[in-house]
**Student:** 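Here it is, the structure in full.
Numbering of ligands and ligand atoms starts at 1, following listing order. In this chain, numbering begins with 1 at the start of the sequence shown. Bear in mind the structure is a predicted one, so any value in this text is a computation, not a measurement.
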Amino acid sequence: MSFDTVAIKNNIIAHEKQGFVYTYGTAGFRSNAEVLGSVMYKVGILAALRSKKLNGSTIGVMITASHNPEEDNGVKLVDPRGEMLEQSWEVYATKLANANDGETLLSAIDEIVAQYKIDLDIPANVIYAYDTRPSCPHLVKCLEQGLEAAGAKGTNFGLKTTPMLHYLVRCINTAGTNDAYGEPTEEGYYKKLTAAFATAVKGKPRLSTLHVDCANGVGAPKLRELLKFMASDILSVDIVNEDTATLGQLNKNCGADYVKTNQRAPPSITITAGDRCCSYDGDADRIVFYYVTEDGTFRLLDGDKIAGLAAIFITELVQEAGIDSIKVGVVQTAYANGSSTNYLTKVLSVPVSCVSTGVKHLHHEAEKYDVGVYFEANGHGTVLFSPDALNTIKTAEAKTPAQKQAIAQLSALTELINQTVGDAISDMLLVEAILTSRQWSFEEWDQAYTDLPNRLVKVVVSDRHIFKTTNAERQLVEPAGLQAEIDSLVAKYSNGRSFVRASGTEDAVRVYAEAATRAETDDLAFKVAQLVYDRAGGVGARP
Ligand SMILES: CC(=O)N[C@H]1[C@@H](OP(=O)(O)O)O[C@H](CO)[C@@H](O)[C@@H]1O
Ligand SMILES: [Mg+2]
């Protein structure tokens, strides 16, 4: 199979909509599925080039649009160790996608080949998978046409959650090395997770049933499959919103994004005090937990709460294991609740870094710690163990039975937690393992700190690209003078904090605000939103 430029040129899939501009953003290409066939073809070629550049390592392609509505779809590339595509390639991905005829496409390809000195004779290996969206079969065909023209060996892994595809890519590329990540099959994934969970909760009574809202997405059948490998006396799960067959149900009034945005349970779930619930998003890489108090108040346990729980548990475990040379750090974004940052730094005394929005930024920063816990407030995240930390855990010698147990538990966590990307199923098991180990209720977990009231508002402006930020997106550099005006508004509120940035996934500017009370928070959010609208070309109704 060769890289056939004639075929690449002749088989190009025409742009579905003239004038549409494609961008490889935070989460790859994402839009209404109708315009994506042409992009899939180019993604096939791009994946082949990326594999060739990396000496034939296997590259992953995931077709999904996560929490977006069912009519949308998207695609992203996964690098050999299961991480997101290297950032410098994003501009080339964008160039390829926007090439509207064979000649332009070939010259975009030439540019990549020259830039990265790619040897086109190296064989390319690509694996791909997709979620439950109705547009997936067509998009898979378009991807396959691109892979074929580029002479890549493509392997279809079928219906998968996004984190499973990341897992598979890493397993394939590390097979037979000291660093082998696992068996490169779906079953291998289930076995790894369920075995680790069993070790982590050994000897502890099972908690009450966890109700899992799967957003009517791919998480539902996959969680069902996993449960076949899990002993029922260590975990009790009730799956809700698992209708992947009826059109229009995906992410509709359910799922992690719905719960986080609306701060309420999906209407399809009847939740009473004492119930333990969680929600995945459509491709099962995000999770949030929630419950209601005796007086019926809804309480969200989001990504910040998960990070806090993981950080305290692992910090104490390394102490119990006698290997507290291992240091735990937490990575957040500006969207993390101020109370969570305060809790982590002041109460737990763990180092906290703040980085730009987008999982790839958090992931890279987390790699700097021995154990790097990273979560976006919306529930996307994981925990990374450095190679040194893994080795310390593996070779630790216990002097007491308590140390032995702590080492075994730590070691189980390194297997339980998906090291490639945030994973709703793996994160769910991590939280359940910690709560089971502690015999904690959601209320007890929630007691660590109380969130400051917060609000996220979208403002549509004529050109959001005029917004330039610094200091991990917490301050505006441009439009000039706007930050000073925001600062003077913020100064009027107790515990006030607000920042403004352009979204990387939607055509809008996001305004975040938090303050001591709900009323102050709402007031601050709307004042800042109005300021943005007035000073930066607001479009449509003024907030
Ligand atoms: C405030 C917020 O939740 N932003 C989300 C959203 O990014 P924006 O750049 O804010 O549109 O989508 C990203 C990709 O899914 C996710 O990583 C991020 O957390
Ligand atoms: Mg997702």
**Student:** Taking the six-membered ring of Tyr449 as reference, does the cationic atom of Lys305 (NZ for Lys, CZ for Arg) lie under 6.0 Å from its centre and within 45° of its axis?
**Tutor:**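 Yes, Lys305 lies over the aromatic ring of Tyr449.
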**Student:** Where the Mg ion (ligand 2) is the centre, what is the OD2-to-OD1 angle for Asp281 and Asp285, rounded to 10°?
**Tutor:** 90°
**Student:** For His380, state whether at least one heavy atom is located under 4.0 Å from any atom of ligand 1.
**Tutor:**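 Distance cut 4.0 Å: His380 fails for ligand 1.
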**Student:** Test side-chain hydrogen bond (donor to acceptor under 3.5 Å, both in side chains) on Thr357 and Glu473; report intermediate values, then the result.
**Tutor:** CA-CA 8 Å; Thr357 304; Glu473 302 177 328; 2.7 Å; yes
**Student:** So, is the end of the Arg170 side chain (NZ or CZ) under 6.0 Å from the ring centre of Tyr181 and within 45° of the ring's axis?
**Tutor:** yes
**Student:** Run the numbers on Met40 and His138 for side chain to side chain contact (heavy atoms under 4.5 Å, CB included), then give the verdict.
**Tutor:** CA-CA 10 Å; Met40 293 295 159; His138 167 66; over 6 Å; no
**Student:** Which heavy atom of the protein is the closest neighbour of atom 15 (O) of ligand 1, given with residue, atom name and distance?
**Tutor:**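 Answer, as residue, atom name and distance: His67 CE1, 4.4 Å.
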**Student:** Taking only non-hydrogen atoms of Arg501, do any sit less than 4.0 angstrom from ligand 1?
**Tutor:** yes
**Student:** With a 4.0 Å heavy-atom cut-off (strictly under), which part of Tyr335 contacts ligand 1: side chain, backbone, both or neither?
**Tutor:**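 Side chain only.
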**Student:** Would you say the ring centroid of Phe20 lies under 6.0 angstrom from that of Tyr22?
**Tutor:**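 Yes - the distance between ring centres of Phe20 and Tyr22 falls below the 6.0 Å cut-off.
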**Student:** What residue and heavy atom of the protein are closest to atom 17 (O) of ligand 1, and at what distance?
**Tutor:**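 Ranking protein heavy atoms by distance from atom 17 (O) of ligand 1, first comes Glu376 OE1, 2.8 Å.
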**Student:** Decide side chain to side chain contact (heavy atoms under 4.5 Å, CB included) for Leu168 and Tyr189; before the verdict, give the C-alpha distance in whole Å, the side-chain angles of both, and the deciding distance to 0.1 Å.
**Tutor:** CA-CA 8 Å; Leu168 291 166; Tyr189 171 87; over 6 Å; no
**Student:** Quick one: are Asp285 and Thr161 in side-chain contact, heavy atoms under 4.5 Å?
**Tutor:** no
**Student:** Answer yes or no: does an N/O atom from Ser503 fall short of 3.5 Å to an N/O atom of ligand 1?
**Tutor:**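 It does: an N or O of Ser503 is found under 3.5 Å from an N or O of ligand 1.
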**Student:** Give me the residue, atom name and distance of the protein heavy atom closest to atom 4 (N) of ligand 1.
**Tutor:**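 Atom 4 (N) of ligand 1 sits closest to the protein heavy atom Thr357 CG2, 4.0 Å.
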**Student:** Relative to each other, are the rings of Phe298 and Tyr290 parallel, tilted or perpendicular (30° and 60° limits)?
**Tutor:**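 Taking Tyr290 first and then Phe298, their aromatic rings sit tilted (interplane angle of 30° to 60°).
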**Student:** Quick one: are the ring centres of Trp89 and Tyr24 less than 6.0 Å apart?
**Tutor:**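 No: the rings miss the under 6.0 Å criterion.
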**Student:** Do Gly504 and ligand 1 have an N or O pair less than 3.5 Å apart?
**Tutor:**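 Between Gly504 and ligand 1 (N or O atoms, distance only) the closest approach is under 3.5 Å.
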**Student:** Would you say the Mg ion (ligand 2) has Ser66 as a near neighbour, meaning an N/O/S atom of that residue under 2.8 Å away?
**Tutor:** yes
**Student:** Any idea which protein heavy atom is nearest atom 6 (C) of ligand 1, and the distance to it?
**Tutor:** Thr505 OG1, 3.9 Å
**Student:** Nearest protein heavy-atom contact for atom 5 (C) of ligand 1: which residue, which atom, what distance?
**Tutor:** Asn378 ND2, 3.9 Å
**Student:** Closest to the Mg ion (ligand 2), which N/O/S atom of Asp283 is it?
**Tutor:**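 Answer by atom name: OD1.
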**Student:** Closest non-hydrogen protein atom to atom 10 (O) of ligand 1, residue and atom name please, with distance?
**Tutor:** Arg510 NE, 2.7 Å
